[in-house]
Amino acid sequence: MDILAGLNPAQQEAVKHIEGPLLILAGPGSGKTRVITHRIAYLIKTCGVSPRRIMAVTFTNKAAREMKERLEKLLGQVSESLTVGTFHAICARILRQDGKVVGLETNFVIYDEEDQQSLIKQCLQDLNLDPKQYNPQKIRNAISFAKSQHMTPAKFAGESRSYWDEVVARVYERYQEQLGQSNAADFDDLLMKTVQLFEKHPDTLEKYQSRYLHLLVDEFQDTNITQYNLIRMLGGKHRNICVVGDPDQSIYSWRFADIGNILSFEKDSPDATIIVLEQNYRSTKNILEAASSIISVNSRRKAKKLWTENQTGAPMFVVKTYNEQDEAQFVVNEILKLTGSDSIKPGDCAVMYRTNAQSRAIEEAFVRYGMKYKLVGGTKFYQRREVKDVIAYLRVIHNPFDNISLSRIIKVPGRGIGQRTLSDLSNRARDNNISLFAAMKAASEGRGPGFGSRIKTAVTGLYRMINDFIVESQQIGLVNLMDTVLEKSGYREHIREEDDGEERWENILELRTVALDFDSLPPGEGLSPFLEQVSLVSDADEIENREDMTTLITLHQAKGLEFPVVFIVGIEEGLLPHRRSMEEGGDDLEEERRLCYVGITRAEKHVYLLHTARRSIFGGSSESTPSRFLADIPEHLIESKGLAGIPEQQGKRSERYERRRYEDEEGVPITTLLAKRQQPPLKEIIDLNPGDRVRHSKFGDGQVIGMRSAGEDKEVIVAFEGAGVKKLLLSMAPLEKI
DNA sequence: GCAAACATGATTTTT
DNA sequence: TCATGTTTGC
């Protein structure tokens with residue numbers, strides 16, 4: 001097989017340029033991943049580089065997994081010895097191996113944002129600072145910023161110029177101490193501590209530098225300073241660093257990603273080769289032209305002119321509706337229309353929005369029409385309270401110094417130890433400079449000032465229980481351990497008694513399924529990799545494309561995906577661009593523009609840009625004006641559309657009526673209904689033929705006028721007596737034959 | 001120690 | 001509007 005076959009000249013150049021630093025500026029849809037994977041294949045097959053000397057870094061697990069899959073196809077088994085992973089996963093691995101010198105034992109835990117927040121609150125309390133005056137969220141953000149810039153507490157304190165900074169510096173210092181005490185690292189630490197490790201121990205750095213002959217970094221526009229430092233250090237010896245990115249798709253500056261890294265790369269590596277990938281294989285000419293017209297308004301931009309051999313295609317459909325319900329209605333109608341005639345499936349469509357709150361109106365419309373959708377984001381599995389609780393138990397077993405996890409499990413299930421006792425124990429731990437677990441031990445052994453006998457019994461009981469778990473964890477497999485913990489701690493019983501206990505228990509069983517993957521390991525050896533996985537994996541990794549489900553997604557999360565049809569809703573002043581980005585002019589507006597650009601360039605064939613006249617916001621309703629970005633699209637590319645077939649006034653009223661009835665009828669908040677609808681109970685598939693009479697739980701009685709297959713499913717077209725003609729999916733719609 | 005009333009503040013969230 | 005965190009009363 002010829003590795004270069006099927007690549008255009010620029011792509012080939014990028015694959016073949018193997019000596020020295022390389023910067024690839026890759027426009028959307030330009031075959032970026034293809035270039036990276038083929039480059040790796042080329043290095044191995046043509047240049048004879050050992051796969052274990054190549055590292056490819058991505059931002060998401062999903063990207064890493066996809067890259068591995070493609071490499072596996074290209075290279076077969078040798079691909080297994082490549083290092084492919086996220087920044088965080090790769091750093092975690094390095095720190096498990098060599099992190100002792102920066103204060104991390106091999107069994108360190110990784111704190112997520114919630115854990116960080118708890119720890120910061122604790123620190124504020126220890127320092128006698130009022131959390132109302134010093135918002136823990138803001139402090140967390142400030143600390144995260146410091147770490148993204150590779151600033152230690154000392155350096156931060158040295159550079160702080162305001163009273164706020166000084167407070168942050170004090171909290172930051174204490175926070176790091178407490179992380180150390182807990183043998184824990186937060187996400188930012190994974191990166192920063194690795195850099196510190198390399199700074200302090202050149203021999204360790206040398207080990208990795210020598211090993212990795214070639215480095216590849218994807219989504220380079222999203223790296224922060226610390227990540228850039230890391231890459232520079234790792235590649236410092238062989239200098240074969242290949243970074244791939246697109247400054248126009250930089251939409252994470254608020255997570256401290258720094259486009260400046262691209263400039264720095266050029267400056268730091270004057271001999272770098274720069275290759276621009278401008279041919280787009282994804283979108284129509286019209287889509288590309290519209291996207292370019294929006295992004296080209298940004299100043300301080302590397303000019304890049306995308307082109308394509310694809311068709312001219314349809315114009316950009318700009319749609320104005322009265323409010324967000326009508327907007328959603330339009331989307332639903334349009335998807336029904338497209339899937340009826342254009343050989344487009346619901347799964348080919350995506351609805352994108354700036355803020356998560358916007359998904360609600362869209363969801364309601366989908367639910368009302370019995371249309372399936374996949375909502376990306378929302379409450380994440382690993383963030384769920386019950387899942388975090390169980391993980392906290394396991395973390396404490398794995399690392400009893402983990403004070404945050406221990407604080408968490410002390411309270412649930414209720415065992416007579418409340419906030420009061422917990423604070424007391426925490427204070428003792430702090431004053432004696434010991435862990436919370438050690439403080440519990442001391443209390444149960446009756447050392448130090450006494451507790452009331454009831455409390456002492458409770459503390460002793462918990463202490464002994466955890467100790468037993470620790471002993472058992474060495475003797476039994478992971479799943480067995482998890483079952484034991486759930487049973488003996490009383491957590492199972494506790495959670496099942498809650499209002500939505502059944503659902504929560506299901507989630508725990510889901511977590512148990514994840515644990516099954518590690519169950520075959522010898523006793524005591526499954527816990528560690530399991531915890532690593534659950535700390536570093538997120539649900540965004542699960543974005544699968546099913547042909548019967550339309551994707552509902554934020555513009556941010558849509559980066560990297562592609563769909564034949566894209567609806568961008570709420571393209572209005574205040575929303576896109578978001579009002580918060582307009583507060584202090586400057587760069588933020590440019591980022592909003594990039595966000596819009598990212599959204600449009602996801603589309604292959606059709607783009608719909610929707611805006612409303614009025615939109616509800618925090619209860620109230622206010623007037624909206626079309627986004628300034630719309631004005632940047634040349635007129636000849638635009639076709640205006642309205643809410644077809646429904647006179648505005650009438651459509652509006654029936655809409656409202658149905659909505660209200662829907663909520664009242666069941667007497668349950670709409671959110672609950674939405675959640676339930678997402679996973680309908682398996683229902684018997686009924687056999688229907690045109691002419692049959694049917695009853696729909698909401699639309700009433702009607703007659704089947706048509707049937708056609710839609711993937712594995714069937715679409716039924718029904719003429720309802722009251723609600724008109726609807727297209728429904730057989731497996732989803734609450735239909736019965738009458 | 002815990003449940004219910006009350007206050008608050010709401011962009012985006014790769015790990 | 002509505003979810004989340006904090007205060008208050010038992």
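Order of the sequence lines fixes the chain letters, A, B, ..., with proteins taken first and strands second; residue numbering starts at 1 for each chain.
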Residues from residues 85-93 of chain A lying under 4.0 Å of DNA chain B - heavy atoms: A:Thr86, A:His88
Sugar-phosphate only, base, or nothing, as touched by A:Ile110 at under 4.0 Å among non-hydrogen atoms: nothing
Any residue meeting side-chain contact (heavy atoms from CB on, under 4.5 Å) with A:Thr421, in chain and number order, not counting sequence neighbours: A:Ile417, A:Leu425, A:Phe451, A:Ile455, A:Val459
Closest-nucleotide 5' rank along DNA chain B - winner of A:Lys411 and A:Lys559: A:Lys411
Residues that A:Thr355 engages under side-chain contact (heavy atoms from CB on, under 4.5 Å), provided they are two or more places apart: A:Ala357, A:Gln358, A:Leu575, A:His578
Restricting to nitrogen or oxygen on both sides, can you table the protein-nucleotides 6-10 of chain C pairs closer than 3.5 Å?
{"residue": "C:dT7", "atom": "OP1", "partner": "A:Lys132", "partner atom": "NZ", "Å": "3.2"}

Residues forming a ring-ring contact (aromatic ring centres under 6.0 Å, His included) with A:Tyr252, sequence neighbours excluded: A:Trp254, A:His556
Touch class at under 4.0 angstrom, heavy-atom based, for A:Glu113 against every strand present: base
Residue list, salt bridge (Lys or Arg N to Asp or Glu O under 4.0 Å) with A:Asp246, at least two apart or on another chain: A:Lys304
Protein-nucleic acid N or O pairs under 3.5 Å, nucleotides 3-12 of chain B:
{"residue": "B:dT11", "atom": "OP1", "partner": "A:Arg580", "partner atom": "NH1", "Å": "2.3"}
{"residue": "B:dT11", "atom": "OP1", "partner": "A:Arg580", "partner atom": "NH2", "Å": "3.2"}
{"residue": "B:dT11", "atom": "O4'", "partner": "A:His578", "partner atom": "NE2", "Å": "3.1"}
{"residue": "B:dT11", "atom": "O2", "partner": "A:Arg354", "partner atom": "NH1", "Å": "2.9"}
{"residue": "B:dT11", "atom": "O2", "partner": "A:Arg354", "partner atom": "NH2", "Å": "2.1"}
{"residue": "B:dT12", "atom": "OP1", "partner": "A:Asn356", "partner atom": "N", "Å": "2.7"}
{"residue": "B:dT12", "atom": "OP1", "partner": "A:Asn356", "partner atom": "ND2", "Å": "3.2"}
{"residue": "B:dT12", "atom": "O4'", "partner": "A:Arg354", "partner atom": "NH2", "Å": "3.2"}
{"residue": "B:dT12", "atom": "O2", "partner": "A:Trp254", "partner atom": "NE1", "Å": "3.3"}
{"residue": "B:dT12", "atom": "O2", "partner": "A:Arg354", "partner atom": "NH2", "Å": "2.5"}
{"residue": "B:dT12", "atom": "O2", "partner": "A:His556", "partner atom": "NE2", "Å": "3.4"}

Value in whole Å for how far the P atom of B:dT14 lies from CD of A:Gln383: 9 Å
Whole-Å gap separating P (B:dT13) and CG (A:Asn61): 17 Å
Whole angstrom value for the distance that separates C1' of B:dC2 from CD of A:Glu497: 15 Å
Nearest to side-chain heavy atoms of A:Thr421, which nucleotide of B:dT14, B:dT15, B:dG1: B:dG1
All ring-ring contact (aromatic ring centres under 6.0 Å, His included) counterparts of A:Phe618, not counting sequence neighbours: none
Results of ring-ring contact (aromatic ring centres under 6.0 Å, His included) for A:Phe198 - residues two or more places apart only: A:Tyr208
Rounded distance (Å) that lies between atom C1' of B:dT13 and atom CG of A:Asp186: 15 Å
Rounded distance in Å - CD1 (A:Ile410) to C1' (B:dG1): 15 Å
Pairwise side-chain hydrogen bond (donor to acceptor under 3.5 Å, both in side chains) hits with a residue in residues 404-414 of chain A, at least two apart: A:Glu114-A:Arg408, A:Asp389-A:Arg408, A:Asp402-A:Ser405
Pairing residues for A:Asp126 by the salt bridge (Lys or Arg N to Asp or Glu O under 4.0 Å) criterion, not counting sequence neighbours: A:Arg174, A:Arg430
A:Arg96 charged N/C atom sitting above A:Phe108 aromatic ring, 6.0 Å / 45°: yes
side-chain hydrogen bond (donor to acceptor under 3.5 Å, both in side chains) partners of A:Ser423, counting only residues at least two apart: A:Gln419
Any side-chain donor near an acceptor of the partner, A:Thr625 and A:Glu573, under 3.5 Å: no
Interatomic distance at C1', B:dT14 relative to C:dA3, whole Å: 25 Å
Short side-chain N/O contact from A:Ser535 to OP1 or OP2 of B:dT15, under 4.0 Å: no
Rounded distance in Å - CG (A:Leu190) to P (B:dT15): 13 Å
Atom-pair distance (CD1 on A:Ile94; P on B:dT15), nearest Å: 18 Å
Donor + acceptor pair across side chains of A:Tyr373, A:Glu363 (<3.5 Å): yes
Touch class at under 4.0 angstrom, heavy-atom based, for A:Arg579 against every strand present: nothing
Between B:dT14 (C1') and A:Phe187 (CZ): distance, integer Å: 10 Å
